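Inspection log for the structure reproduced underneath, given as structure tokens.
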Amino acid sequence: HVQLVESGGGSVQAGGSLRLSCLISGYEYCAFDMAWYRQFPGKEREFVARVGGDGGTTYTESVKGRFIASQDGPKSMVYLQMNSLKPEDTAMYFCKLECPLIEFYYWGQGTQVTVS
């Protein structure tokens, strides 16, 4: 039973920082990537960052230099350190398990980030 549980969202002033966490459980079936997406009100979900199976990371241009995605050793926990937050970062943030080889994807429930 796969579960992804995000935490760490909240309200912060512009220029501040938050660290999001995603706890992964119930998945031991293949190598996988973890990604962070966000959804603005009235918009579709968009890619933010990805941690690959080798620990390498990619980011959307708007968060480069400000956000850092990372993982623990066994990849049971992934993180998104969000620095220099801007009001335009306000969104619901989701973690996503990705195993495209077998076309398996799973979303967490989301955590709200509000920057003012």
Side-chain angles (χ1 to χ4, degrees):
H1 183 223
V2 177
Q3 290 193 64
L4 306 178
V5 181
E6 300 101 329
S7 61
S11 297
V12 66
Q13 296 177 9
S17 297
L18 288 172
R19 189 181 74 166
L20 307 184
S21 301
C22 180
L23 176 64
I24 308 156
S25 63
Y27 192 80
E28 301 286 344
Y29 309 114
C30 69
F32 60 90
D33 301 335
M34 289 296 301
W36 291 95
Y37 285 71
R38 64 188 178 186
Q39 187 169 17
F40 305 113
K43 304 293 185 180
E44 298 299 318
R45 241 167 253 190
E46 66 178 43
F47 170 79
V48 176
R50 177 174 289 108
V51 183
D54 62 353
T57 55
T58 57
Y59 301 90
T60 192
E61 184 67 28
S62 64
V63 309
K64 286 181 179 178
R66 300 190 298 121
F67 292 9
I68 303 169
S70 61
Q71 64 184 51
D72 65 6
K75 209 170 183 177
S76 61
M77 189 82 76
V78 295
Y79 306 94
L80 186 67
Q81 178 67 43
M82 310 167 68
N83 301 317
S84 301
L85 283 161
K86 305 174 180 179
E88 52 262 46
D89 295 317
T90 295
M92 184 73 75
Y93 284 73
F94 299 85
C95 63
K96 179 190 178 189
L97 185 151
E98 301 178 335
C99 195
L101 187 63
I102 60 171
E103 297 184 347
F104 183 85
Y105 307 94
Y106 201 87
W107 293 92
Q109 84 288 349
T111 186
Q112 178 68 37
V113 171
T114 301
V115 185
S116 61

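Please read these numbers as outputs of a predicted model, since none were measured by experiment.
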Can you name the nearest heavy-atom pair linking [X] to [Y], along with the distance?
X     : Y     : result
Met77 : Ser21 : SD-CB, 4.1 Å
Ser84 : Ser17 : N-OG, 4.3 Å
Ala69 : Val51 : CB-CG2, 3.6 Å
Cys95 : Met34 : CB-CE, 4.1 Å
Gly10 : Leu18 : O-CD1, 3.9 Å

Would you mind reporting whether [Y] and [X] have side-chain heavy atoms less than 4.5 Å apart?
X      : Y     : result
Val115 : Glu88 : no
Gln39  : Phe94 : yes
Tyr37  : Arg50 : yes
Phe47  : Lys96 : no
Phe104 : Leu97 : yes
Met82  : Arg66 : no
Phe67  : Thr60 : no
Leu20  : Glu6  : no

Please tell me whether [X] and [Y] are part of a single hydrophobic cluster in this structure, the criterion being side-chain heavy atoms less than 4.5 Å apart.
X      : Y      : result
Tyr105 : Leu23  : no
Leu4   : Trp107 : no
Phe32  : Ile102 : yes
Val78  : Tyr59  : yes

Distance from [X] atom [atom1] to [Y] atom [atom2], nearest 0.5 Å?
X     : Y      : atom1 : atom2 : result
Met92 : Thr114 : CE    : OG1   : 8.5 Å
Ser62 : Asp89  : OG    : CG    : 7.0 Å
Asp33 : Cys99  : CG    : SG    : 8.0 Å

Problem - Derivation of the side-chain contact (heavy atoms from CB on, under 4.5 Å) call for Arg38 and Val63 - result: CA-CA 12 Å; Arg38 64 188 178 186; Val63 309; 4.1 Å; yes
